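Report on the structure given below.
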Amino acid sequence: MSTDQDLVTDGLLTHPYAVYDRLRDTAPVHRVTGPDGSPAWLVTRYDDVREALANPLLSLDKRHALPGGYKGFALPPALDANLLNMDPPDHTRIRRLVGRAFTTRRVEQLRAPIRRTADHLLDALSTNGGPHGGTDLIAAYAAPLPITVICDLLGVPDGHRRDFRAWTDVLVAPDPARPQAAKEAVVAMLGFFTQLLADKRKEPADDLLSDLIAVRDESGSTGNDRAGSDRLSEDELMSLAFLILFAGYENTVQLIGTAVLALLQHPDQLAALRADPTRLPAAVEEFVRYDGPALLAIRRFPLEDVTISDVTVPAGETVLLSLAAANRDPRRFPDADRFDLGRDATGHLALGHGIHYCLGAPLARLETEIALAALLERLPDLKLDGDPGDLRWRPSLRARGLLALPVTY
């Protein structure tokens, strides 16, 4: 075990993979200072992370946390009663209620609408910049594509989509110079979802949020109880809508951005993919392994003292599982720091493992596949505009994503 690692001062914000390589080689478990300055335990090796992700003794429920440890986002109860804070049986009940909307078969039905959205965004590039031009691919393409898809799925009106993106950005990468911004974003989101649920109750539509409201209201549930196998409390309903919209946007925009960057930085891999676009579904697994959207899994709290690679972590202390370090572990993936679309990347942990495996994984995969397919077809001369060393990344220990991706086409 290594001790007293400060993840911020150690350079994780600027060079995460180099830091994780060093930590993983030094020891399997480290005592660290977490994102908010509070203590935690960091696990870095593939086998340990995979086992911990599926360990029922590592709870997501903050009620099992000791005072003073890292607990993640501070959200009001109406947004906090979500799957990222739950263990069975509540987790099982809610996941069952919403899971059928995200099966591979159901998500595949979105292929045509997603491609239409991608083409519409690329049409706008041609209209605004002509056949040759430059743009920030995050702002013009990688961000609006997933926010459009997830808002259409939930039934969120067009006028609120830009606001939600801004609130999400503030929460994922808080600005130290604006300490009140995160609180203001939470207040704004709470008001937004309160009004959205009220509007959907008045005028239901053919969308996922209307379906969830029907489950909630037709169950006869009152207050914030959690009894019954097919019931949602009002807090659970609002929290579920928040999580689907937040995660459905946040993870996919980052994945599309880092995938495009990886291709532009590896022209041989880009050429191979252009030559055989049928490789795209498998390529997505390497994109997400090589540079996935989440550096860390959701924090966990041992229900009792647990042993991870011969290190005993006391009950209630915070455990952070590094998905990024695990996915670059050469014990599992030979030459793991090399981007290689020919490798078998199955078994990566970028989208989790066990009962908390990412609910929206099929949708994130499909959106990334379609986003890249459209780019390969329609922008054959896509190139990075400028020095890769000048790219700006989100100042976040939680999420891995570009602030901008300047390109020419």
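The figures that follow rest on heavy atoms only: side chains count, while hydrogens, waters and symmetry mates do not. Note that this is a predicted model, so its numbers are computed, not measured. Along the sequence shown, residues carry numbers from 1.
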Exercise. Could you walk me through whether E234 and L197 pass the side chain to side chain contact (heavy atoms under 4.5 Å, CB included) test, one step at a time?
Key: CA-CA 10 Å; E234 192 68 14; L197 291 179; 4.0 Å; yes
Quiz item: Please walk me through it: do L255 and E367 pass side chain to side chain contact (heavy atoms under 4.5 Å, CB included)?
Solution: CA-CA 10 Å; L255 179 54; E367 287 182 78; over 6 Å; no
Practice problem: Take W41 and V311 through the side chain to side chain contact (heavy atoms under 4.5 Å, CB included) test and state the conclusion after the steps. | Solution: CA-CA 10 Å; W41 299 85; V311 175; 3.9 Å; yes
Practice problem: Assess whether salt bridge (Lys or Arg N to Asp or Glu O under 4.0 Å) is satisfied between D90 and R93, documenting all intermediate values. | Solution: CA-CA 5 Å; D90 289 329; R93 169 175 54 85; 2.9 Å; yes
Practice problem: Begin with the C-alpha distance, continue with both residues' side-chain angles, and end with the deciding distance and a verdict on side chain to side chain contact (heavy atoms under 4.5 Å, CB included) for N82 and F246. | Solution: CA-CA 12 Å; N82 63 62; F246 182 95; over 6 Å; no
Quiz item: Would D329 and R331 satisfy salt bridge (Lys or Arg N to Asp or Glu O under 4.0 Å), going step by step from the backbone distance to the final call?
Solution: CA-CA 5 Å; D329 189 342; R331 300 167 186 82; 2.9 Å; yes
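The minimum heavy-atom distance between L295 and P16, with the atom names listed, is CD2-CB, 4.2 Å. Nearest approach of D335 to R343, heavy atoms of both residues: O-NH2, 3.0 Å. The shortest non-hydrogen separation linking P144 to A139 is CD-O, 3.3 Å. Taking every heavy atom of both residues into account, E286 and R289 meet most closely at OE1-NE, 2.8 Å. Here the closest heavy-atom approach between residue D344 and residue T346 is recorded as OD1-OG1, 2.6 Å. Heavy-atom minimum distance, P388 versus Q265: CB-NE2, 3.4 Å.
Annotation: the span from D385 atom CG to D136 atom CG amounts to 10.5 Å, rounded to 0.5 Å. Here CG of L60 is found 8.0 Å from CZ of F301. Values are rounded to the nearest 0.5 Å. Within the model, atoms CG of L263 and CZ of R274 stand 8.5 Å from one another, a figure rounded to the nearest 0.5 Å. Atom-to-atom distance recorded for L212:CG and M238:CE is 13.0 Å, nearest 0.5 angstrom. With rounding to the nearest 0.5 angstrom, the CZ atom of R100 is 8.5 Å from the CZ atom of R106. A distance of 10.0 Å separates CG of L137 from CG of L121, quoted to the nearest 0.5 Å.
The neighbour count for E51 CD, taken as heavy atoms of other residues, nucleotides or ligands under 6.0 Å away, does not exceed 12. Heavy-atom contacts from other residues, nucleotides or ligands closer than 6.0 Å to CG of D268 number more than 12. Counting heavy-atom neighbours within 6.0 Å of E203 CD, excluding the residue itself, gives a total of 12 or less.
For T33 (side chain) and P39 (main-chain N/O), no donor-acceptor pair under 3.5 Å exists by modelled atom type.
Residues H356 and H91 have side chains in contact (heavy-atom distance under 4.5 Å, counting atoms from C-beta outward). Annotation: side chain of L245 is in contact with side chain of C151 (closest heavy-atom distance under 4.5 Å). Residues E184 and V187 have side chains not in contact (no heavy-atom distance under 4.5 Å, counting atoms from C-beta outward). Contact annotation: the side chain of L145 never approaches that of T252 to less than 4.5 Å [non-hydrogen atoms, C-beta and beyond]. A heavy-atom distance below 4.5 Å is not found between the side chains of T14 and V19. Proximity of W393 to T258: side-chain heavy atoms (C-beta onward) are separated by under 4.5 Å at one or more points. For the pair D87/I355, no side-chain contact is recorded, criterion being any heavy-atom separation below 4.5 Å from C-beta on. Two residues are said to be in side-chain contact when any heavy atoms from C-beta on lie closer than 4.5 Å; L42 and Y20 meet this criterion.
At a threshold of 4.0 Å, the pair R63-D61 counts as salt-bridged, since one of the basic side-chain nitrogens sits closer than that to a carboxylate oxygen. Salt bridge status for R24 with D21: present, with a side-chain N to carboxylate O gap under 4.0 Å. Ion pair K62/D80 flagged as a salt bridge, since at least one NZ, NE, NH1 or NH2 atom sits closer than 4.0 Å to an Asp/Glu carboxylate oxygen. A salt bridge is defined here as a Lys NZ or Arg NE, NH1 or NH2 lying under 4.0 Å from an Asp or Glu carboxylate O, and E250 with R394 meets this definition. Using a 4.0 Å cut-off between a side-chain N of Lys or Arg and a carboxylate O of Asp or Glu, R111 and E108 qualify as a salt bridge.
Cation-pi geometry between R328 and Y46 is not met at under 6.0 angstrom from the ring centre and within 45 degrees of the axis. Cation-pi geometry between R299 and Y70 is not met at under 6.0 angstrom from the ring centre and within 45 degrees of the axis.
For residues 346-360, the set of pairs meeting the salt bridge (charged side-chain N to carboxylate O under 4.0 Å, His left out) definition, not counting sequence neighbours, is empty.
The side chain to side chain contact (heavy atoms under 4.5 Å, CB included) test with V260 singles out one residue from L375, L270, L384, L402, and that residue is L375.
Using a 30° and 60° split on the angle between ring planes, F164 and F192 fall in the tilted class, from 30° to 60°. Using a 30° and 60° split on the angle between ring planes, H266 and Y290 fall in the perpendicular class, above 60°.
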